[in-house]
Protein chains: 2
Amino acid sequence: MVADDQVMVRAGFRMLLAGETDIEVVAEAGTGAEAVAQARRHRPDVVLMDIRMPVLDGLAATQQILAENSAARVLILTTFDLDEYVYEALRVGASGFVLKDDPVEQLLAAIRAVAAGDALLSPAVTQRVISAFARRSHRPAPPELAELTARELEVLRLICRGLSNAEIGAELWISETTVKTHVTHILTKLRLRDRVQAVVLAYEADLF
Amino acid sequence: MVADDQVMVRAGFRMLLAGETDIEVVAEAGTGAEAVAQARRHRPDVVLMDIRMPVLDGLAATQQILAENSAARVLILTTFDLDEYVYEALRVGASGFVLKDDPVEQLLAAIRAVAAGDALLSPAVTQRVISAFARRSHRPAPPELAELTARELEVLRLICRGLSNAEIGAELWISETTVKTHVTHILTKLRLRDRVQAVVLAYEADLF
DNA sequence: TCTCGCCTCCTCCCAAAGGTGGATCCCAGC
DNA sequence: GCTGGGATCCACCTTTGGGAGGAGGCGAGA
């Protein structure tokens, strides 16, 4: 299915895909709302979705379509490669991202890839996602963390869920005094002042 | 440059790439250590790097090569598509990831893409990265956050850096009592008990 | 056997955090 | 001119958190 607000663009895609024997355009839509309705009726395998569309934008439409038919695969089409679009699109569940000025083979490869259950991003987009991903994954865990005992890590985990010492004690079936001992040891080993800093460190190091 | 511990595989790649006029194999390596040395001597634009290699594995070699020549682009080659490999490879700075049983055009496209400064992942790999990425990015921000005033957000930011009320006061040039007032308002609006829970919420909502 | 690390619990003490109930000032909107 | 919200500050109080120091039990390893 092709969803784009410009008739010419839709016609272009239809022509383009008509040459492929394994691809059939079963529906078109000019607005996000229409896309949702058409997807409900025709249940397409793959939706080519423009982001900029009237009534309901491509992202909201994507979210809606996937909510109704989780087997559908949505390929986002856009002229721009703005970051927010990329992240937001992946967040709502799009399977891929193709720029309108990518070569045609790229588009066809993407359609076939997502139809097969894979995913495909335009190289330029991949670059962005990778660097964002690498940035997020790259959290040098402070070596002091290794010094914590199993019990201390357990206490730290509960601290990071916002529990008080008394609540942690109840959770672990030990006295609040013991919890305080563990907390003291945790703070000493990690060279921190209070539990707040412990929570910050844990999140920064991507624990839990 | 081709780095793979199996001679036959290297020969295969060399043959494969010989047919492409815009690609030239300038060096080969059979171990990670050799790859680092060869990269230092020949400074290739793109390195095809096997992960499983003796002496130094592909990931360590990648890290080393990029440390010495940040302009180089490394394409990871592997038979398996194990998750740890993917994430670790992206973390050490690889530009792409190609499975050995991907079609040849995929490999060529990947080489040209990374040489041009883009990035390319095999569709199957992209699927993994996207879902991991979407999972990480999917943090529904609680609507109560919108109720916070600018000053309160500012205080919350400092709380999330592990500062005490007195330190926050010093930072913002206001008295500690004022900070306490802001904190009380923050906790009331967000329906939380203490600053620890505020830090947890802020990190979960991906603020700051 | 003895020691050492870990877990458990205690008391005493003080600082920090948070709640309550005020107050003043300023500014924007009615 | 009045009102309301935000920012600033105060005093008073209770609860929680964290440090110091000590002590007993238990299991693994020298």
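Numbered from 1 within each chain, the chains take letters A, B, ... in sequence-line order.
- The side chain of B/Arg195 places no N or O atom within less than 4.0 Å of a non-bridging phosphate oxygen (OP1 or OP2) of C/dA16.
- Between B/Leu48 and B/Asp4 there is no side-chain heavy-atom pair separated by less than 4.5 Å.
- Annotation for A/Asp45: atom CG does not count as buried by contact number, only 12 or fewer foreign heavy atoms lying within 6.0 Å.
- Atom CG in A/Leu163 sits about 15 Å away from atom C1' in D/dG17, given to the nearest Å.
- Rounded to whole Å, the distance from NE2 on B/His182 to C1' on D/dA7 is 6 Å.
- Here C/dC6 presents its P atom at 15 Å from CD of A/Glu154, a figure rounded to the nearest Å.
- B/Lys180 has its NZ atom 10 Å from the C1' atom of D/dC13, to the nearest Å.
- Annotation: the span from B/Asn69 atom CG to B/Arg43 atom CZ amounts to 4.0 Å, rounded to 0.5 Å.
- With rounding to whole Å, B/Ile168 atom CD1 is found 16 Å from D/dT8 atom C1'.
- We find that CZ of A/Arg193 is positioned 9 Å from P of C/dA16, with the value rounded to whole Å.
- Here the C1' atom of nucleotide C/dC9 and the CZ atom of A/Arg151 are 13 Å apart, to the nearest Å.
- Atom CD1 of A/Ile186 and atom C1' of D/dG18 are 13 Å apart (whole Å).
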What pairs of nitrogen or oxygen atoms, one from the protein and one from nucleotides 28-30 of chain C, lie under 3.5 Å apart?
none

